[in-house]
Colleague: 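Got a structure for you, questions after.
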Protein chains: 2
Amino acid sequence: MGAVGKLAPKPSADAAAGVRLGALRHSIGFLLRVCQVRLYDQFYERLGDSDLRPGEFSLLWVISQNPGIKQGVLAQTLAIKPAHMTKTVRRCAARGLLHRVIPEDDRRSVQLSLTLRGTDFVTANSHNFFGPTAYNTHSLTEEEAATLAHLLRRFCGLPDCEPERAAR
Amino acid sequence: MGAVGKLAPKPSADAAAGVRLGALRHSIGFLLRVCQVRLYDQFYERLGDSDLRPGEFSLLWVISQNPGIKQGVLAQTLAIKPAHMTKTVRRCAARGLLHRVIPEDDRRSVQLSLTLRGTDFVTANSHNFFGPTAYNTHSLTEEEAATLAHLLRRFCGLPDCEPERAAR
DNA sequence: CGAAGATAGTTTACAAGGAAATTAAAAAAT
DNA sequence: ATTTTTTAATTTCCTTGTAAACTATCTTCG
């Protein structure tokens, strides 16, 4: 999947540089979208050949940190709507990456845990998402990236620290 | 269109607060997505009844700041792929908000300008996107929001200032 | 104890967004 | 001057993500 929006400078990219944005240049909504598209492009540049889709790693990662987490709680955590969460979870289960368990004490809900294969998958792919070799490259310093992350958490209401106790 | 992801706290929202994120809590990619979804929800909360769609205002706004801008340049500026830009531009043209003009000196391209109706539309809707009454509410101070915007521009490579000359 | 209301996840249908192929036009190469 | 290559936008088809309706299950109420 080769994206039209390539990262190497092009004549038309130069043309975009001459566009006046006015107040939009300071609009967080607009800036979030542009950053999101850039990240998406970088994701496919690095991982386009793998069978990993955007968001799937996050899903598996959060399950690895919270074995037995309920599907609805996971959906809420990752800001994914229930319908899409159902499809994604079933796709990962079909690939043998996670277990779906219906608890006896609440047969409406689904509890999720990684399989050994899923754990290996998360371990093998972590370097693409965290640390200096992550797919999303940028020109910010470590301090600037930390400030950006802090402000984004503030913006969306996510705490800076892990909760005291794990969710069940 | 009532989003499942409501902003008022709910029992399941409390459950999400108890989830351990590990390194994901500091991942800019993940944080950008959560912020994006939150913005999307806020957009529909404020403007769900209107005939405005996400991104359409930005499109009209940039055209208002750059009359005669080429469609490809606009697409690049807003990080929208050409196919989608075609559909969105034609939809706005059908609503009488903009003119599509094929210049004699390059009949491949399309130049865009707002109609009077489009200009009125942008003027009438600006307060929903810029300033203290914008739809995207958050708890950041003005200084923090400015820093966030600055770091997002740094992240995606967008300059802090307007270009010296308008694009043709 | 049974009915009504709420919750959790699933299914279906649809809209948004984009890849790939296409068309039309301009620029570059021969 | 003609052919080839490149550019700009469009069309078609597909995937992703979600609203709405649905099913199954649990909780609350009378």
Side-chain angles (χ1 to χ4, degrees), chain A residues 1-6 10-16 33-34 36-37 40-41 43-45 48 51-56 58-59 69-91 93-94 100-112 168, chain B residues 1-6 10-16 33-34 36-37 40-41 43-45 48 51-56 58-59 69-93 100-112 168:
Chain A
M1 190 192 245
V4 170
K6 292 184 174 61
K10 293 182 308 180
S12 53
D14 293 337
R33 182 189 148 76
V34 175
Q36 184 90 2
V37 170
Y40 203 77
D41 288 339
F43 178 91
Y44 278 109
E45 198 157 282
D51 52 2
L52 196 63
R53 302 157 180 247
E56 275 184 359
S58 298
L59 184 149
I69 187 172
K70 287 208 235 166
Q71 186 170 303
V73 172
L74 180 63
Q76 196 108 28
T77 300
L78 296 176
I80 294 174
K81 296 302 196 282
H84 186 44
M85 178 55 65
T86 296
K87 292 189 226 176
T88 305
V89 162
R90 284 182 180 278
R91 190 162 52 235
R100 297 175 67 248
V101 170
I102 313 295
E104 284 302 321
D105 62 349
D106 186 357
R107 300 191 61 76
R108 293 170 299 179
S109 60
V110 172
Q111 284 183 312
L112 306 169
R168 291 305 300 159
Chain B
M1 187 193 247
V4 169
K6 292 184 174 58
K10 292 184 309 182
S12 52
D14 293 337
R33 183 191 146 75
V34 174
Q36 184 89 2
V37 171
Y40 203 78
D41 288 341
F43 178 91
Y44 277 108
E45 198 157 282
D51 51 4
L52 197 61
R53 302 156 181 250
E56 275 185 359
S58 298
L59 184 149
I69 187 171
K70 287 206 236 168
Q71 186 170 300
V73 173
L74 180 63
Q76 195 108 29
T77 300
L78 296 176
I80 295 174
K81 295 301 197 283
H84 187 44
M85 180 54 66
T86 295
K87 295 185 225 173
T88 305
V89 162
R90 284 183 178 276
R91 190 162 53 236
C92 289
R100 296 176 65 250
V101 170
I102 313 296
E104 284 302 322
D105 62 350
D106 185 358
R107 301 190 60 79
R108 294 169 299 178
S109 60
V110 172
Q111 283 182 312
L112 306 170
R168 292 305 301 159

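Within every chain, numbering begins at 1; the chains are lettered A, B, ... in the order of the sequence lines, protein sequences first and strands thereafter.
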Colleague: Nearest 0.5 Å, what's the CZ-CD distance between A:R33 and A:Q36?
Modeller: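 Reported value, rounded in 0.5 Å steps: 8.5 Å.
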Colleague: Quick one: CE on A:M85 to CZ on A:R90, what's the gap to the nearest 0.5 Å?
Modeller: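 Rounded to the nearest 0.5 Å, the CE-CZ separation comes out at 13.0 Å.
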Colleague: Round to the nearest Å and state the distance from B:F43 atom CZ to D:dT18 atom C1'.
Modeller: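 My rounded result for the distance is 16 Å.
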Colleague: Could you say whether A:R33 or A:H84 is positioned toward the 5' end of DNA chain C, judged by the nucleotide with the nearest heavy atom to each?
Modeller: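 Looking at the nearest nucleotide for each, A:H84 comes out on the 5' side.
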Colleague: Given D:dT16, C:dA13, D:dA19, identify the nucleotide with an atom nearest to the side chain of A:K87.
Modeller: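 Of D:dT16, C:dA13, D:dA19, C:dA13 is nearest to the side chain of A:K87.
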Colleague: Mind checking side chain to side chain donor-acceptor pair (under 3.5 Å) for B:Q71 and listing every partner two or more places apart, or none if nothing turns up?
Modeller: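 With neighbours one apart ignored, the set is B:T86.
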Colleague: Using atom CZ of A:R90 as one end and atom P of C:dG9 as the other, report the distance to the nearest whole Å.
Modeller: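 It works out to 11 Å between those atoms.
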Colleague: Using atom CZ of A:R53 as one end and atom C1' of C:dG18 as the other, report the distance to the nearest whole Å.
Modeller: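 So the two atoms are 15 Å apart, to the nearest Å.
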Colleague: Rounding to a whole Å, what distance do you find between B:D41:CG and D:dA19:C1'?
Modeller: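 B:D41 atom CG is separated from D:dA19 atom C1' by 13 Å.
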Colleague: Could you tell me how far apart B:K70 (NZ) and D:dT10 (P) are, to the nearest whole angstrom?
Modeller: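 Nearest whole value for this atom pair: 13 Å.
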Colleague: To the nearest Å, give me how far apart NZ (B:K81) and C1' (D:dC13) are.
Modeller: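 Rounded to the whole Å, the gap is 17 Å.
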Colleague: If you compare all heavy atoms of A:L112 against all heavy atoms of A:L74, which two are closest, and at what distance to 0.1 Å?
Modeller: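 Looking at all heavy atoms of both residues, the shortest contact is CD1-CD2, 3.7 Å.
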Colleague: With sequence neighbours left out, write down each residue that passes side chain to side chain donor-acceptor pair (under 3.5 Å) with A:R107, or none if nothing qualifies.
Modeller: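 Side chain to side chain donor-acceptor pair (under 3.5 Å) list for A:R107, sorted by chain: A:E104.
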Colleague: Could you give the CG-to-P distance, from A:L74 to C:dA8, as a whole number of Å?
Modeller: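 Taking CG of A:L74 and P of C:dA8, I get 14 Å after rounding.
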Colleague: Among C:dG9, D:dA9, D:dT18, which nucleotide sits nearest the side chain of A:V110?
Modeller: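 Of C:dG9, D:dA9, D:dT18, C:dG9 is nearest to the side chain of A:V110.
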Colleague: For D:dT10, take OP1 and OP2 only and decide whether either is under 4.0 Å from a side-chain N or O of B:Q71.
Modeller: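 Checking B:Q71 against D:dT10: at least one side-chain N or O falls below 4.0 Å of OP1 or OP2.
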Colleague: B:T86 near the nucleic acid: base, sugar-phosphate alone, or nothing, with a heavy-atom cut-off under 4.0 Å?
Modeller: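 Base: the residue B:T86, judged by heavy atoms under 4.0 Å, touches a nucleobase.
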Colleague: Below 3.5 Å between N/O atoms, which protein atoms pair up with nucleotides 23-27 of chain C? Just atom names and distances, please.
Modeller:
from: C:dA26; atom 1: OP1; to: B:R107; atom 2: N; distance (Å): 3.1
from: C:dA26; atom 1: O4'; to: B:R108; atom 2: NE; distance (Å): 3.3

Colleague: Base, sugar-phosphate or nothing for B:R91? Non-hydrogen atoms, less than 4.0 Å.
Modeller: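 Counting heavy atoms under 4.0 Å across all strands, no contact is made by B:R91.
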Colleague: In whole Å, what is the span from the CD1 atom of B:I102 to the C1' atom of D:dA8?
Modeller: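 Between C1' of D:dA8 and CD1 of B:I102: 10 Å.
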Colleague: Residues in side-chain contact (heavy atoms from CB on, under 4.5 Å) with A:R108, at least two apart?
Modeller: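 A:R108 satisfies side-chain contact (heavy atoms from CB on, under 4.5 Å) with A:D106 only.
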Colleague: Under the side-chain contact (heavy atoms from CB on, under 4.5 Å) test, which residues partner A:E56, sequence neighbours left out?
Modeller: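 Listed in chain order: A:L52, A:R53, A:T88, A:R91, A:C92, A:R95.
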